[in-house]
Amino acid sequence: MKKVSLLLSLIFVLVFSCKEEIEGEIKMVSPEEMQTLLQLDTVQLVDVRTDAEFKEGYIAEAQNIDFMSPTFESDIMILDKEKPVLLYCEKGGRSAKCAKKMIDLGFKKIYDMQGGFSKWQHEGLPYKK
């Protein structure tokens with residue numbers, strides 16, 4: 001009986017310790033923190049707003065992958081799941097939903113900018129038109 005209990009305990013520990021390694025992580029960041037993260041070579045910057053919103057202004061080097069697009073799931077799969085992804089939308093709602101979806105798809109590290117592009121602009125940070 002002790003062997004069975006020990007075996008079950010071992011299986012329990014292995015399952016939950018492996019689960020932590022498999023799951024991804026979402027971290028909320030301020031626009032200032034986002035600006036610092038953009039200096040890293042390994043990050044992927046994604047604007048999840050519509051094409052029309054993107055054309056009105058965007059953060060330099062961002063790729064536009066519209067969260068509301070019917071092809072969103074296949075479009076987002078062009079990104080490297082192992083590299084950090086920085087997300088933003090207009091105010092933060094879509095990027096939060098997108099981050100959760102990306103974790104479900106197997107992405108490891110996601111940074112979601114609080115307040116979105118409108119906060120980025122409000123704080124006077126640089127962007128392109």
Hydrophobic cluster identity match, [X] and [Y], side-chain contacts under 4.5 Å:
X      : Y     : result
Tyr127 : Leu37 : yes
Leu45  : Val48 : no
Met68  : Phe54 : no

Summary of salt bridge (charged side-chain N to carboxylate O under 4.0 Å, His left out) pairs that have at least one residue in residues 85-94, sequence neighbours excluded: Arg49-Glu90, Glu53-Arg94
With side chains defined as the heavy atoms from C-beta onward, is the minimum distance between [X] and [Y] less than 4.5 Å?
X      : Y      : value
Ile26  : Lys100 : yes
Tyr58  : Gln63  : no
Ser69  : Asp75  : yes
Lys119 : Ser30  : no

So, using side-chain contact (heavy atoms from CB on, under 4.5 Å) as the criterion, who are the partners of Asp51 when residues are at least two apart?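 If we apply the side-chain contact (heavy atoms from CB on, under 4.5 Å) test to Asp51, skipping adjacent residues, the hits are Lys55, Asn64.
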So, for [X] and [Y], which heavy atoms are closest and what is the spacing to 0.1 Å?
X      : Y      : result
Phe107 : Val85  : CD2-CG2, 4.0 Å
Ala99  : Ile110 : O-CD1, 3.5 Å
Met113 : Pro31  : SD-CA, 3.7 Å

So how far is it from [X] [atom1] to [Y] [atom2], rounded to the nearest 0.5 Å?
X      : Y      : atom1 : atom2 : value
Leu79  : Met102 : CG    : CE    : 5.5 Å
Cys89  : Asp66  : SG    : CG    : 11.0 Å
Leu86  : Gln44  : CG    : CD    : 9.0 Å
Tyr111 : Glu33  : OH    : CD    : 9.5 Å
Asp47  : Thr50  : CG    : OG1   : 8.5 Å

Residue Lys101 excluded, over 12 heavy atoms near NZ under 6.0 Å: no
Counting only heavy atoms from other residues, nucleotides and ligands, does the tally under 6.0 Å from CD of Glu73 exceed 12? no
